[in-house]
Colleague: 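Attaching a single structure in C-alpha cells format; questions to follow.
Reminder, nothing fancy here: chain letters follow the sequence lines and each chain counts from 1. Because the structure is predicted, anything quoted here is derived from the model rather than measured.
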Amino acid sequence: MSEERSLNFLEEIVEEDIAAGKNGGRVLTRFPPEPNGYLHIGHAKSICLNFGLAQKYNGKTNLRFDDTNPTKEETEYVDSIKDDVKWLGFEWANELYASDYFDQIYEFAVALIKKGLAYVDDSSAEEIAAQKGTPTEPGTPNQYRSRSVEENLQLFADMKAGKYPDGAKVLRAKVDLAAPNMHLRDPLMYRIKHAHHHRTGDKWCIYPMYDFAHGQSDAIEQITHSICTLEFIPHRALYDWFIEQLELFPSKQYEFARLNLNYTVMSKRKLLQLVTEGHVEGWDDPRMPTISGLRRRGYTPASIREFCERIGVAKRENMIDVGLLEFCIREDLNKTAWRRMAVLDPIKCILTNYPEGETEIMHGENNPEVEGGDGSREFPFSRELWIEREDFMEVPPKKFFRLGVGLMVRLKNAYIIKCDDFVKDADGNITEIHCSYLPESKSGHDTSGINVKGTIHWISVPHAKTAEVRLYDRLFQVENPQNEDGDFKDYLNPNSLQILPTAYIEPDLANATPGKPVQFMRKGYFTLDKYSTADKLVFNRTVTLKDGWKSPPTP
RNA sequence: UGCCCGAUAGUAUAAAGGUAGUACAACGGUUUUUGGUACCGUUUGUCUAGGUUCGAAUCCUGGUCGGGCAACCA
C-alpha cells in the first residue's frame, strides 16, 4: 500500500474501514450481473473495480447472478458471463445466484409483515403509481395499507401458493408515503409472475424485486462493500432500511460513475436491438463493445484491464475517448505481437532486372521490441511482388517516402528498389509497376552505401497465400448516439465494416490462430477470426498502427 | 418546481487549507530497414459571485450548468 499512485475514492473508503477495524479488516465484494445479456466494456470497469479492490486488500469477490426476473433471463447469458469474467483474468470465490436465496428472502418478507412493515396491496400498477404522488406532492395511503398482520400473512401465502394471476396483488414495504425520496414511498417487494425461471423452474410464482433481493443477498453473503453505479444512489436509503429492519449483516452500498465510451452505445437494451435487428453479426461482432466482441476483434485481457485502470473511477459523469482503449491495445500488442507482412490492397511490382524463375529466402525477426527479435521466420522473394497500392503515386507529393517514377525504397528485409516505370490499362488504372533492384543492397549485406527514407512491405507473387481481411471502424458516426434526435440507429456508421476479399499474406501466416495477435507491418494489428477456416482464412483488424504520416494538403 | 449526486486542460484523473500534477489526444523535434516503437519538447485547466483565512481547486453561502429519482426492470 505504499505505491506512488494516489488512491481512488473507493480505495480510500476501504482503507478507512480497515484502519477502523470494521468487519475485522475483511473485504468481500461481489460482481452482480443480471443474466439478461452479454457483458460489455462497462461491465469490465465494474469487474476490475470489484475484483481489483478485493485483490488489493486481501479480500475476495463473489460472482452473483441477480436473477430475480425470470422473463428476461437465460442460461445462455449466465454461461457467457462466466466465460467473459474468466477470460478477463479474474477468479470468483463463489458462484452464487439471488435465486439461491428465494426461500430466505421469502422468510424476510414474512418477518417484515409480522413487524407490521409490509402489506399486500390489490391495486393495479397504475393505481399504485398514482397513489405514490409526485416528487412535489406526497403520496396517499389506500385501504390496503391498514390490513392486519394476519390478513397480510394469509394473502402473501396465497400469493406464493399461486392463487392469484399476474398483477393481481403485490407485497409492499410500509415505509413513508410522504418521503421526498420516491423510492421510500412504500416500494414493491414482491410481484406475481407465473413464469418459468432458468434455475428454480416452476417452484415460484412470486419473485422479489431488485430492492428486496439485492441488499438481502449482499447481507446473506456478508458482502462488506457493495459497489454499484450512480443511478442506484436513491436506492441506498431503502437498501439500509431493509437491512436495519431485518437486522441483517450491515453491507454498505457505494456508487461510482459508469463508463461511457464515445462512438458506441453501452445499454444492454440497445445492444440487444443491434443484434436482433441484424445491424451487427451478433453479440460477438468485432464492432460491438461487448467483451466477446472485443475478444473476437483481438483485444487482450491485459489491455482491457489496463484501460480500466487508466480511466480511473469517480462519481462524475464521464465520456471516455475510444482513443484510450486503442492506445491500451497498441501498447500491449506492440510488445507481444509477431510481425508479418500482408498486402491488403495489392498492385503488382515487377523487378525487371531480377532473374525470372529465381527465388531467394529472406529472414525477418518476429518482434523488434523483444531482445533478440523473439526469433525469426523465413519468406520467399522473387521477381514479381505484390505491394500496397497506396505505396505508389503517379504524381508523388513532396516528402512522399515511397514509390513514384525515379524514387527508391527499401523492400522490408530485402533489397532497395528504384521505380522506373508503370503500366496503365485502357481505363487509366495503374496495373503494374516496374522497378529495378540493387543487388548489393540486400538486407544484412548492404554494401550499396545508399540510404533510403522509406521501407515498404511486400509479398512474393508465386508464393503468396490469400486471406479475407476485415477492417473495422467505429460503429456510430457521432460521439454520443443516444443524445441525438431520433433513433440512435439512425447514426450507425455505414462503413463500420470493410471486407477485403483478397489480401496476400506471407506463408507463415497459415499458422495463425484466433486470439493470437499479429502485426501486419505498417498496417495494424490483426487476429484470425474465430470463424475462420483452413480453406478461407479471415483476419480481423484489431486496431490500426498510429499513423504519423499526413499527406500534404492538395491545393 | 421536491429530493439526491456532481462540476479541475479537448478527454479522463490527482492535489485531504500551502508550487495545480499525471495519462491519453493534439502539435514540433531526435532516432529508426514499420511515416510503428522509443526518447525529447510545446500548447491547453480549477463553472460563477460572494464569504472564512496569512493563504482556497479544497471549507461556507447563493447562483449556473450537467446527471439521476415517481418500472409489478435491474
Colleague: rU34(B), rG68(B), rG35(B): which one has an atom nearest the side-chain heavy atoms of Leu545(A)?
Modeller: rU34(B)
Colleague: Can you find a side-chain donor-acceptor pair between Arg258(A) and Asn318(A) that sits under 3.5 Å?
Modeller: no
Colleague: Checking contacts here: which listed nucleotide (rU33(B), rG6(B), rA12(B)) is nearest the side-chain heavy atoms of Arg316(A)?
Modeller: rG6(B)
Colleague: Do Leu177(A) and Arg145(A) make a side-chain contact, defined as non-hydrogen atoms from C-beta onward lying under 4.5 Å apart?
Modeller: yes
Colleague: Taking OH from Tyr254(A) and C1' from rG6(B), how many angstroms apart are they, rounded to a whole number?
Modeller: 19 Å
Colleague: Is any side-chain heavy atom of Arg541(A) closer than 4.5 Å to a side-chain heavy atom of Asp473(A)?
Modeller: no
Colleague: Under a 3.5 Å limit for both distances, which nucleotide forms a Watson-Crick or G-U wobble pair with rU1(B), could you say?
Modeller: none
Colleague: Of the options rG35(B), rC5(B), rA25(B), whose atoms approach the side-chain atoms of Lys315(A) most closely?
Modeller: rC5(B)
Colleague: If you check every side-chain atom of His235(A), which of rA74(B), rU13(B), rG36(B) has the closest atom?
Modeller: rA74(B)
Colleague: Touch check for Gly444(A), heavy atoms < 4.0 angstrom, all strands: base, sugar-phosphate only, or nothing?
Modeller: base
Colleague: Can you check the distance between rA74(B) and rU34(B), where both ends of the measurement are the C1' atom (answer in whole Å)?
Modeller: 48 Å
Colleague: Under 4.0 angstrom, heavy atoms only, what part of the nucleic acid is Ile233(A) near: base, sugar-phosphate, or nothing?
Modeller: sugar-phosphate
Colleague: Nearest to the Lys412(A) side chain among rU33(B), rC69(B), rU37(B), which nucleotide is it?
Modeller: rU33(B)
Colleague: Remember a base hit wins even if backbone is also touched, and classify Asn181(A) as base, sugar-phosphate or nothing at under 4.0 Å, heavy atoms.
Modeller: nothing
Colleague: Using a 4.0 Å heavy-atom cut-off across all strands, classify Asp211(A) as base, sugar-phosphate, or nothing.
Modeller: nothing
Colleague: Is any side-chain N or O of Arg339(A) under 3.5 Å from a base N or O of rU34(B), one able to act as donor and the other as acceptor?
Modeller: yes
Colleague: rA16(B) and rC69(B): how far apart are their C1' atoms, nearest whole angstrom?
Modeller: 31 Å
Colleague: Remember a base hit wins even if backbone is also touched, and classify Phe327(A) as base, sugar-phosphate or nothing at under 4.0 Å, heavy atoms.
Modeller: sugar-phosphate
Colleague: Just call it for Phe400(A): base, sugar-phosphate, or nothing, with non-hydrogen atoms closer than 4.0 Å on any strand.
Modeller: base
Colleague: Using the side-chain heavy atoms of Gln519(A), tell me which of these nucleotides is nearest: rA15(B), rA74(B), rU34(B).
Modeller: rU34(B)
Colleague: Partner of rU44(B) by Watson-Crick or G-U wobble geometry, both contacts under 3.5 Å, or none?
Modeller: none
Colleague: As a test of reading the structure: which of rC24(B), rG35(B), rA12(B) is closest to the side chain of Leu324(A), going by heavy atoms?
Modeller: rC24(B)
Colleague: Is it true that a side-chain atom of Asn8(A) and a backbone atom of Glu11(A) form a donor plus acceptor pair closer than 3.5 Å?
Modeller: yes
Colleague: What does rA38(B) pair with, Watson-Crick or G-U, if both distances are under 3.5 Å?
Modeller: rU30(B)
Colleague: Identify whether NZ of Lys or CZ of Arg in Lys193(A) sits under 6.0 Å from the centre of the six-membered ring of Tyr207(A) and within 45° of that ring's axis.
Modeller: no
Colleague: Could you state the interatomic distance from CD (Gln519(A)) to CZ (Arg339(A)), rounded to the nearest 0.5 Å?
Modeller: 4.0 Å
Colleague: Does rC59(B) pair with anything, Watson-Crick or G-U wobble, both distances under 3.5 Å, and if so, with which nucleotide?
Modeller: rG51(B)
Colleague: When you measure from the side chain of Glu231(A), which nucleotide among rG68(B), rA14(B), rA70(B) comes out closest?
Modeller: rG68(B)
Colleague: With a 4.0 Å cut-off on heavy atoms, is Val313(A) in touch with a base, just the backbone sugar-phosphate, or nothing at all?
Modeller: sugar-phosphate
Colleague: When you compare rC40(B) with rA23(B), how far apart are their P atoms, in angstrom units rounded to a whole number?
Modeller: 10 Å
Colleague: Return whichever of Arg310(A) or Ala125(A) has its heavy-atom-nearest nucleotide of RNA chain B closer to the 5' end.
Modeller: Arg310(A)
Colleague: Provide the distance between the two C1' atoms, one in rU46(B) and one in rA57(B), to the nearest whole Å.
Modeller: 5 Å
Colleague: Would one find a side-chain N or O of Lys169(A) under 4.0 angstrom from OP1 or OP2 of rC72(B)?
Modeller: no
Colleague: Classify Thr544(A) by what it touches in the nucleic acid, base, sugar-phosphate, or nothing, heavy-atom distance under 4.0 Å.
Modeller: nothing
Colleague: Rounding to the closest angstrom, what is the interatomic distance between rU37(B) and rC47(B) at atom P?
Modeller: 34 Å
Colleague: Using the closest heavy atom to pick a nucleotide of RNA chain B for each, name whichever of Met182(A) or His445(A) lands nearer the 5' end.
Modeller: His445(A)
Colleague: Round to the nearest Å and state the distance from Glu127(A) atom CD to rA71(B) atom P.
Modeller: 14 Å
Colleague: Would you say rA74(B) has OP1 or OP2 under 4.0 Å from some side-chain N or O of Arg191(A)?
Modeller: yes
Colleague: Any idea which of rC3(B), rA74(B), rA14(B) is nearest the Thr68(A) side chain?
Modeller: rA74(B)
Colleague: Could a donor-acceptor pair under 3.5 angstrom be found where the side chain of Thr136(A) meets the base of rU1(B)?
Modeller: no
Colleague: If I take atom CE in residue Met209(A) and atom P in nucleotide rA70(B), what distance separates them, rounded to the nearest angstrom?
Modeller: 11 Å
Colleague: Identify which one of Tyr239(A), Phe242(A), Tyr190(A), Phe232(A) satisfies the ring-ring contact (aromatic ring centres under 6.0 Å, His included) criterion when paired with Tyr210(A).
Modeller: Phe232(A)
Colleague: Between Tyr437(A) and Phe381(A) (judged by ring centroids, cut-off 6.0 Å), do the two rings come close enough to count as a pair?
Modeller: no
Colleague: Output the single nucleotide from rC72(B), rG36(B), rG35(B) whose closest atom is nearest the side chain of Glu369(A).
Modeller: rG36(B)
Colleague: Please state the P separation for the pair rC4(B) and rG63(B) - nearest whole angstrom.
Modeller: 14 Å
Colleague: Sort out the partner of rA14(B) for me: Watson-Crick or G-U wobble, both distances under 3.5 Å, none otherwise.
Modeller: none
Colleague: With both distances under 3.5 angstrom, what nucleotide forms a Watson-Crick or G-U wobble pair with rC65(B)?
Modeller: rG6(B)
Colleague: Which one is paired to rA70(B), where only Watson-Crick or G-U wobble pairs with both distances under 3.5 angstrom count?
Modeller: none
Colleague: If only side-chain N and O atoms of Arg330(A) are considered, is one of them under 4.0 Å from the OP1 or OP2 phosphate oxygen of rG36(B)?
Modeller: no
Colleague: Would a distance-only check, ignoring hydrogens and angles, find a side-chain to backbone donor-acceptor pair under 3.5 Å from Asn152(A) to Tyr119(A)?
Modeller: no
